[in-house]
S.K.: 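Pasting in a structure now, in structure tokens, and then I'll have a few things to ask.
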Amino acid sequence: MKALCKGILSGFVFSLAAGNVGAAGWPDHEVKVVVNYGAGGVTDVATRIMVRALEKNLGKPVVVINRPGGQATLGPSFVARQPPDGYTVGVITYSSVAITPHLINVDYTIADFDFVGGFGQYQYGLAVKADAPYKTLAEFITAAKTSSKPFFFSAPGAPNNLAMWDLGKQAGVKFEQVLYKSGIESVMAVVTGDAQVVIQTPSEIEPQIKAGKLRMLASASPNRLTITPELPTLREAGYDVQINSWMGLAVPKNTPGEIVARLQDALMTATKDPEVVQSFKNMGIDPLSMSGADYKKKVTDGYVEMGKALKEAPAANTK
């Protein structure tokens with residue numbers, strides 16, 4: 001029995017020592033960052049911009065891998081199942097842990113991750129077809145209220161649809177929802193006339209504005225949009241509606257604390273890189289440097305808040 005206990009204890013000590021060595025020598029090869037959206041989308045592009053600076057700070061290659069699908073839940077699901085060694089990092093967006101788990105069954109929770117930090121806040125704008133008869137938000141609301149036909153909005157899901165329902169409730173308009181798989185598809189639905197309005201990120205709307213196919217009417221974010229600073233926010237226009245959504249990084253639960261701290265330091269440095277800051281602003285992303293603890297609190301509080309909001313939504317989905 002003594003020999004057995006000694007052997008178990010020795011093995012335990014060896015495991016701890018090996019873990020410490022791994023943490024001290026980390027990283028000794030490439031780090032993978034899993035993006036929960038497809039290549040070319042706003043989250044993917046922002047992540048790749050940030051990763052270039054992150055790579056410089058870590059001193060090893062950082063490779064982006066896209067795992068879209070499941071309303072952006074397949075990426076976090078994959079990351080949660082990986083070894084907690086710091087070599088697989090996931091982009092954990094606010095919607096994927098605070099909103100979507102209320103709508104569909106997912107095999108992870110916030111507790112399955114150690115959070116590294118938040119690095120960007122999405123901007124959102126409300127846009128209509130460029131040749132629509134309404135030129136302002138007020139004219140759009142009047143047209144929607146007086147129309148004999150329903151006004152359809154396109155959306156990939158929450159929080160975009162929640163904002164439209166809130167706007168409709170406050171303006172006395174009953175909007176109808178058409179769901180699409182992505183933000184780009186939602187934008188194209190307005191271009192083709194399959195929907196009358198969309199709330200989406202500026203980087204996905206701006207190309208259609210430049211092509212003369214869409215017109216922005218207002219910011220659905222807390223602040224005015226970078227690309228159309230002359231337009232009011234929905235709140236400035238008299239509607240208590242705004243979208244707040246963030247992107248951040250996390251690793252599987254039980255990743256050594258030294259590695260999480262090293263990643264957080266590298267991320268905070270990357271988010272202050274002038275090239276990252278300017279690139280984010282150019283694409284309609286507000287750069288931020290949010291610690292892992294603060295980002296975890298953000299999504300944890302958000303899970304509770306969004307659960308309540310979804311229950312009150314007129315077309316709330318259930319599991």
Side-chain angles (χ1 to χ4, degrees), residues 35-50 68 72 91 93-96 99 118-132 134-137 140 153-164 166-167 178 180-192 195-237 239 241-248 271 274-288:
V35 179
N36 55 339
Y37 289 94
V42 61
T43 304
D44 174 70
V45 174
T47 300
R48 291 175 187 273
I49 291 169
M50 181 274 298
V91 173
T93 49
Y94 180 81
S95 62
S96 67
I99 300 175
F119 64 89
Q121 182 172 3
Y122 297 95
Q123 292 181 6
Y124 290 90
L126 184 149
V128 298
K129 203 168 182 180
D131 60 3
Y134 23 86
K135 310 297 184 185
T136 66
L137 180 65
F140 166 73
F153 72 86
S154 51
N160 314 49
N161 53 4
L162 296 180
M164 282 304 306
D166 265 354
L167 178 61
V178 183
Y180 289 87
K181 292 181 179 179
S182 69
I184 292 176
E185 289 178 344
S186 300
V187 169
M188 291 308 299
V190 178
V191 172
T192 58
Q196 280 73 48
V197 60
V198 65
I199 288 181
Q200 195 51 47
T201 56
S203 63
E204 291 167 325
I205 295 175
E206 187 175 21
Q208 302 305 325
I209 293 177
K210 289 181 176 179
K213 296 179 180 179
L214 290 184
R215 178 188 300 119
M216 195 83 80
L217 295 184
S219 167
S221 293
N223 302 309
R224 295 193 177 198
L225 301 178
T226 306
I227 66 168
T228 53
E230 73 280 4
L231 294 178
T233 66
L234 290 175
R235 281 193 165 182
E236 287 174 335
Y239 303 101
V241 178
Q242 66 178 28
I243 299 180
N244 282 300
S245 192
W246 298 265
M247 65 184 85
T271 58
E275 183 178 343
V276 172
V277 172
Q278 190 57 52
S279 295
F280 273 28
K281 289 181 178 179
N282 290 344
M283 65 182 295
I285 296 287
D286 292 324
L288 75 156

S.K.: How far apart are the closest heavy atoms of Ala163 and Ile199, and which atoms are they?
M.R.: CB-CD1, 3.9 Å
S.K.: Closest heavy-atom contact between Pro287 and Val277?
M.R.: CG-CG1, 4.0 Å
S.K.: Could you tell me whether the side chains of Tyr122 and Ser221 share a donor-acceptor contact shorter than 3.5 Å?
M.R.: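 Note: Tyr122 and Ser221 side chains miss the donor-acceptor criterion.
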S.K.: Quick one: closest heavy-atom pair of Leu288 and Gln121, and the distance?
M.R.: CD2-N, 3.3 Å
S.K.: State, with a plain yes or no, whether a side-chain heavy atom of Met247 is found less than 4.5 Å away from one of Ile285.
M.R.: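 In contact.
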S.K.: Can you list the steps and then say if Val42 with Met283 is a side-chain contact (heavy atoms from CB on, under 4.5 Å)?
M.R.: CA-CA 8 Å; Val42 61; Met283 65 182 295; 3.7 Å; yes
S.K.: Could you state the interatomic distance from OG1 (Thr201) to CG (Leu225), rounded to the nearest 0.5 Å?
M.R.: 10.0 Å
S.K.: Under a 3.5 Å distance rule, please check whether Asp44 uses its side chain to pair with a backbone N or O of Tyr37 as donor and acceptor.
M.R.: no
S.K.: Is the number of heavy atoms from other residues, nucleotides or ligands under 6.0 Å of Lys281 NZ greater than 12?
M.R.: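 At most 12 heavy atoms, drawn from other residues, nucleotides or ligands, come within 6.0 Å of this atom.
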S.K.: Hey, could you give me the CG/CG distance between Leu217 and Leu231, rounded to the nearest 0.5 Å?
M.R.: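 Taking CG in Leu217 and CG in Leu231, the distance rounds to 7.5 Å.
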S.K.: Measure across Val190 and Ala127 and return the closest heavy-atom pair with its distance rounded to 0.1 Å.
M.R.: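 Taking Val190 first and Ala127 second, the nearest heavy atoms are CG1-O, 4.5 Å.
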S.K.: Applying salt bridge (Lys or Arg N to Asp or Glu O under 4.0 Å), can you list everything that pairs with Asp166, at least two apart in sequence or on another chain?
M.R.: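 With neighbours one apart ignored, the set is empty.
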S.K.: For Ser186, check side-chain contact (heavy atoms from CB on, under 4.5 Å) against everything at least two apart and list the hits.
M.R.: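 Partners of Ser186 under the side-chain contact (heavy atoms from CB on, under 4.5 Å) test: Ser154, Pro156, Tyr180, Val198.
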S.K.: Could you report the tightest heavy-atom contact between Pro222 and Asn244, atom names first, then the distance?
M.R.: CG-OD1, 3.1 Å
S.K.: Over 60° means perpendicular and under 30° means parallel, so classify the ring planes of Phe280 and Phe119, tilted if in between.
M.R.: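 Correct class here is tilted.
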S.K.: Between Val276 and Thr271, is the side-chain contact (heavy atoms from CB on, under 4.5 Å) condition met? List the steps.
M.R.: CA-CA 6 Å; Val276 172; Thr271 58; 5.5 Å; no
S.K.: Under 4.5 Å between any side-chain heavy atoms of Asn160 and Tyr124, yes or no?
M.R.: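 Yes - at least one pair of side-chain heavy atoms lies under 4.5 Å apart.
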S.K.: Could you check whether any side-chain N or O of Ser95 sits under 3.5 Å from a backbone N or O of Ile99, counting only pairs where one atom can act as donor and the other as acceptor?
M.R.: no
S.K.: Kindly state each residue pair satisfying salt bridge (charged side-chain N to carboxylate O under 4.0 Å, His left out) with at least one member in residues 209-232, sequence neighbours excluded.
M.R.: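 Qualifying pairs: Glu206-Lys210, Arg224-Glu236.
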S.K.: Rounded to the nearest 0.5 Å, what separation is found between the CG atom of Leu214 and the CE atom of Met188?
M.R.: 8.0 Å
S.K.: Can you measure from CD1 (Ile227) to CD (Gln123) and round to the nearest 0.5 angstrom?
M.R.: 8.0 Å
S.K.: Between CG of Leu167 and CZ of Phe153, what distance do you get to the nearest 0.5 Å?
M.R.: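 Those atoms lie 10.0 Å apart.
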S.K.: Which heavy atom of Ile205 sits nearest to which heavy atom of Gln200, and what is that distance?
M.R.: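 Smallest interatomic distance, heavy atoms only, reads CD1-O, 3.5 Å.
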S.K.: For the atom pair CE (Met50) and OG (Ser279), what is the distance rounded to the nearest 0.5 Å?
M.R.: 12.5 Å
